[in-house]
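Here is the structure we will look at, set down as structure tokens.
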Amino acid sequence: MNHETPLLLVEDEPHIAQGLIFNLEEEGYQVTHVETGEQALEQLLKKAYALIILDLSLPGIDGLEVCDRLRSQGNQIPILILTARGTEQDRITGLSKGADDYLAKPFNLKEFLLRVAGLLRRANWQPSSPENKFYTFGSNQINLETDQAVTDHGTIQLTELEMKMLLLFFAREGKVLSRGELLKEVWGMSPKTETRTLDNFVVRLRKYFEIDPTKPRYFRTIRGRGYCFIQNPEGN
Ligand code: CA
């Protein structure tokens with residue numbers, strides 16, 4: 001089996017994560033570990049993974065929301081849900097949100113490893129398939145490998161910071177990002193920094209991607225709170 005493409009483990013409890021990483025690595029898998037759904041979505045935009053092992057109850061957005069967003073973005077990566085919520089209803093909800101398999105905690109490690117292997121085998125997942133290299137909204141298409149964007153205004157080579165900011169917006173699609181979060185995540189600045197840099201970046205993104213940058217539909221200002229990216233705005 002090809003173990004070269006890493007697995008993404010999304011688990012906020014350190015001792016559970018450690019145990020799973022240890023056992024997966026023993027089997028020869030590479031594992032990337034994140035603790036929140038937001039970080040998982042960001043990772044998936046940056047890099048190809050063979051499988052997601054996803055805890056359901058997480059700080060911030062939960063595992064079901066992660067499933068939902070991935071599937072609505074057209075991402076078909078196999079998802080194995082891990083959860084303490086072992087009721088029938090949770091299992092059905094998880095599967096209806098697009099998860100491929102489900103294990104209730106506490107589970108047997110052998111069974112866990114067999115499920116991982118089974119999903120990888122069945123999925124025949126092509127991590128470098130072209131549809132996962134792109135993020136699309138409106139008539140804008142961004143190549144996540146080359147950082148090039150094709151827009152109504154032409155083709156643009158995005159800078160590293162512009163990409164960082166875009167990936168954060170995409171991962172939090174539909175949610176308000178405060179100025180503080182953006183300053184911290186994109187620039188590594190204190191959330192209280194007084195600077196126009198951030199606003200200038202948003203102006204630039206609007207110039208690239210909005211049909212009318214003075215009436216933004218994708219990169220919206222939420223007064224007194226921050227900014228919000230909408231992938232599929234309704235109407236005009
Ligand atoms: Ca948890």
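We number each residue from 1, following the sequence as shown. Whatever order the structure lists them in is the order used to number ligands and atoms, beginning at 1.
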The atom name of the N, O or S atom in D55 nearest to the Ca ion (ligand 1) is OD2
Contacts satisfying salt bridge (charged side-chain N to carboxylate O under 4.0 Å, His left out) that involve residues 162-184 (not counting sequence neighbours) are E65-K175, E162-R204, R172-E181, R179-D199
| message | Just checking: T83, one of its N/O/S atoms, less than 3.0 Å away from the Ca ion (ligand 1), yes or no? | response | no
With a sphere of 6.0 Å drawn around CD of E160, does it hold more than 12 non-hydrogen atoms of other residues, nucleotides or ligands? no
Next on the checklist: Under 3.0 Å from the Ca ion (ligand 1), is there any N, O or S atom belonging to E11?
Outcome noted: no
Looking at D12, the N/O/S atom that lies nearest to the Ca ion (ligand 1) is called OD1
Worksheet item: Hey, are the side chains of M165 and F169 touching, using non-hydrogen atoms and a 4.5 Å cut-off?
Response: yes
Pair T195-T193, side-chain donor/acceptor within less than 3.5 Å
no
